[in-house]
Structures are given as structure tokens and as C-alpha cells.
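The structure appears right after this line, and notes come after that.
Remember, predicted model here, so these are calculated numbers, not experimental data. Throughout, a chain's letter reflects where its sequence line sits, starting with A, and its residues are numbered from 1. Hydrogens, waters and symmetry mates play no part in the numbers below; they use all other heavy atoms, side chains included.
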Protein chains: 2
Amino acid sequence: MSIKYAILGFLDWTPLTGYDLKKQFAASETFHWSGNNNQIYTALVQLYNEGLVSKEVQDQESGPSRKVYSITTEGREALRQWLLTPPELPQLRHPFLAQLAWAAQLTAVELDTLLSQYENEVYVKLRMAQEQAQRDTRQSPRRTPREELLWGQIGNYWVAFYQHELDWVRRLRAEVTE
Amino acid sequence: MSIKYAILGFLDWTPLTGYDLKKQFAASETFHWSGNNNQIYTALVQLYNEGLVSKEVQDQESGPSRKVYSITTEGREALRQWLLTPPELPQLRHPFLAQLAWAAQLTAVELDTLLSQYENEVYVKLRMAQEQAQRDTRQSPRRTPREELLWGQIGNYWVAFYQHELDWVRRLRAEVTE
DNA sequence: CTCCCCATGTAACACGTTACATGATTTG
DNA sequence: CAAATCATGTAACGTGTTACATGGGGAG
């Protein structure tokens, strides 16, 4: 469960509640746990039991009490250890390729419709990634130039990925049409 | 469970056993169900119950009896319907980006080591994808030029993906070093 | 009045990976 | 003699998604 380390990373930045973390995860594809209640709250409990985070309960007049989590010294050490572990390769799941694999039996029009739909969806995603990257760089209050560079290149990564995808499908569409 | 449609696709090509399918899946990243026993055999049972495939049991003198599955007319129809469904966007899971997000706290040497490890792993993957693509085109006994084109572009896709990844990490490494 | 935000959590389900279990035949 | 290949399947576990449940406060 690498979500634990992602959480430790955010908490190393500043103390946060489960709800805050949920928003952080939802905001970036890099932390792909799509704003997932289930995993975040259970991971926080586990991290707490392992002593990697501490919590401060703030009772509120209305609603459930906020639980603000902070990283502990042990947590910082665990995070650092994880940072040094060998990198994992990306996992790309691409059901559309499987669809295309058998799509030769479609008519020319049907196939082009499929490709054009895909092209549009990718285009929308690309725009979203671009806006996200801009938002990130504009307000980026990163701690060091190194961190700034890394976050910049990460945002960049997603833009480039969808751009690459778009180029690919456009080329394919052209080839299929002729 | 889109694995069912992937199976139907292969069976539309030629009758196969579960074991054959397992090898097919293992051979290509496009069908990302990593040669997964569990899902293949249960999916076949389900497809059979739904009447989308038929099976011929061949008793053997030794070992378990082979079950050769063929696609039925209903199966062909289901496959065609699936081919026309709106395309799904790719899902890219990239834990290394999450690692990088917090890697600014590492020393320059540690960070470069990490990036160089990653570069090597991606390079290996790229080479594997290239070989796979070559093998595919060389022996490709595809049914139509359209199918040939599509399979070619799919193999191509994986090569381009890892190439893109390699370029990205090399650029990043250069930027971090200076 | 409805919808969204805050804030916590649980439950059910779907999907994926690894390992286990059996056992003959072939290859190194 | 060990190992990989053929060929079937099951079990356990881990991860990920969606929906449910509760309930106050504010905005449109």
C-alpha cells in the first residue's frame, strides 16, 4: 500500500485531515487514489497504529470532530527509506488498444467514428492537464528550487503524455482513412 | 470485465483452450491480464454459461482433458456490440512520479541514482517492446491489410510509449544535474 | 428547496496478483 | 536429475471503485 507513503509525503509538507488528503489525491493524477475515502481513512488509522503519524482531535460544535494528522520523526524516517527504494515502472492500462485490436471488422465509417471519439476525449484530458499544470506552477509555494523543478516536471509529464496520445491517435486516424 | 471481450476477440480469430489464451495474454501488454489463470478460466465458464462460446472437450490419455473453446454466433454479435461502445481513456499508474514528488529532500547523488535506475529499467522495457513489435510484424499472419495496420500501430504504441518515457527521464536527469 | 461543502466513516463489490494443487511429458 | 511445458483449476490476499450513512452550514 504505497498510499501510505503518499500520505506521509503530504503530511511532511503540513498537517492535514483525512478530508484534506482526499482533496489532494483527487486533484492530481500522480496520486491516483481517486479521492478514495475508504483507503485514506483506513490508511490513516494504520499509520497512527504504526506510530508514523500523530493526531490532534479538534471537537467542533457541529459535525464530526476534525482529526488533524501530523508526521512523526519515525514517519519522516519511513518516508525517507521509501524514497530510496528502487523505482517502479509505470503501469499503463489501455482498453482502447484491445478494442482496436479487433476493430478491423468494423466498417470504415464505424472505425473512424471510434477513433474520432477517442481523439476528442483525449483532447479534453489534455486541456485539463494543461490547466492543472498552469494552476500548479502559478501558485506553487514550493520549499526549494529542487522541489519546484520536480513538481514542474511532474505536471509537465501528464501534459506530454496526453499530447503524445493525441498525436498517436491522429496519425493512426490519418493512416486508416487513406 | 472487459477480459471477456478480449477472449471473444481471440476466439473470433481461432478456437483456443484456456491455456492458449493465457499465453496470448502474457505475450502482449495490450491485453494486460498478465497471463492470469484465475480470471481466464472463470471468464470462460461465464462466457459458456452465457452462450457466447461453445466448448469441445478432448480427452487425453495423460493430464487433464483439453477444453477447446469456439465463439458462437451470439458471441460474435456481443463482440461486435462491444467494438462499437465508446472508447475508454487509458489509465496510467505511475508510482515513481509520487516518489519523485517528495524526492527533493534527497541528496543530489541519491536523486541521480534513483533517476538513473529508472532510466535503466525503462530502457530494458523499451528494448523488449521493440523486439516484441518486430516479432509481431515478422510473423504477422493477419487476415486483412486493415488488421495488419492496426496491429502494427498497436505494437508501435508501446515502443513509442517507452521511448517517450525514456526521453522524459533523460531530460529530467539533465535538468536536475545542472 | 436543493445542492454543494465540510467531515467522518462503513459495506459491497470488482478487479488483479500470487501462490497452491495435480500430474504427465519433454528438454537441457 | 532438474526444469520447463502442457493443462486444468482453486484460494487467499491486496487494491480500487462506488455507494451508503450521518448531519450541520452556506449559497443560489
Review point. What residues form a side chain to side chain contact (heavy atoms under 4.5 Å, CB included) with B:Ala101, not counting sequence neighbours?
Key: A:Phe31, A:Trp151, A:Ile154

For nucleotides 10-14 of chain D, give me every protein contact, N/O to N/O, under 3.5 Å, one pair per line with atom names.
residue, atom, partner, partner atom, Å
D:dA11, N6, B:Asn38, ND2, 2.6
D:dA12, N6, B:Asn38, ND2, 3.1

Point to revise | Nearest-Å distance for atom pair CG/P, residues A:Leu44 and C:dG9 | key: 8 Å

Review point. Is there a side-chain polar atom (N or O) of A:Lys67 under 4.0 Å from OP1 or OP2 of C:dG9?
Key: yes

Study note, to complete from the structure: Residue set satisfying side chain to side chain contact (heavy atoms under 4.5 Å, CB included) with B:Glu121, at least two apart, ordered chain then number -> A:Pro87, A:Leu89

Review point. With a 4.0 Å cut-off on heavy atoms, is B:Gln91 in touch with a base, just the backbone sugar-phosphate, or nothing at all?
Key: sugar-phosphate

Check your understanding: Members other than A:Tyr19 in its cluster, when Ile, Leu, Val, Met, Phe, Trp, Tyr link by side-chain heavy atoms under 4.5 Å?
Key -> A:Tyr41

Study note, to complete from the structure: A:Lys22 meets the salt bridge (Lys or Arg N to Asp or Glu O under 4.0 Å) criterion, sequence neighbours left out, with none

Study note, to complete from the structure: Double-helix bend of the helix from C:dC1-D:dG28 to C:dG28-D:dC1, axes at both ends from 5 pairs, round to 10°, gives 40°

Practice item. Using the test salt bridge (Lys or Arg N to Asp or Glu O under 4.0 Å), find all partners of B:Glu165 that sit at least two apart in sequence or belong to another chain. Key: none

Point to revise | Rounded distance in Å - NE2 (B:His32) to C1' (D:dG16) | key: 13 Å

**Study point:** Nonpolar side-chain network containing B:Val124, other nodes, edges under 4.5 Å
**Key:** B:Met128

**Study point:** Distance below 4.0 Å between B:Arg93 side-chain N/O and D:dT15 OP1 or OP2
**Key:** no

Revision key, fill the gap. Residue set satisfying salt bridge (Lys or Arg N to Asp or Glu O under 4.0 Å) with B:Lys55, at least two apart, ordered chain then number -> none

Exercise for review: Could you walk me through whether A:Tyr157 and B:His94 pass the ring pair (Phe, Tyr, Trp, His ring centres under 6.0 Å) test, one step at a time?
Suggested key: CA-CA 11 Å; A:Tyr157 179 93; B:His94 209 322; 5.0 Å; yes

Filtered N/O pairs between nucleotides 4-6 of chain D and protein, under 3.5 Å:
residue, atom, partner, partner atom, Å
D:dC6, OP2, B:Tyr19, OH, 2.9

Point to revise | Between B:Gln58 and B:Arg66, a side-chain donor and acceptor under 3.5 Å | key: yes

Check your understanding: Could you give the CD-to-P distance, from A:Glu88 to D:dT15, as a whole number of Å?
Key -> 11 Å

Practice item. For D:dT15, take OP1 and OP2 only and decide whether either is under 4.0 Å from a side-chain N or O of A:Trp33. Key: no

Review point. How many Å lie between CD on A:Gln24 and P on C:dA7, as a whole number?
Key: 14 Å

Review point. Within the pair B:Ser65 and D:dA7, is there a side-chain N or O less than 4.0 Å away from OP1 or OP2?
Key: no

**Study point:** Residue pairs involving residues 71-90 of chain A (criterion salt bridge (Lys or Arg N to Asp or Glu O under 4.0 Å); sequence neighbours excluded)
**Key:** A:Asp12-A:Arg76, A:Arg80-B:Glu110

Point to revise | Connected hydrophobic set around B:Val45, excluding itself, where side chains approach under 4.5 Å | key: none

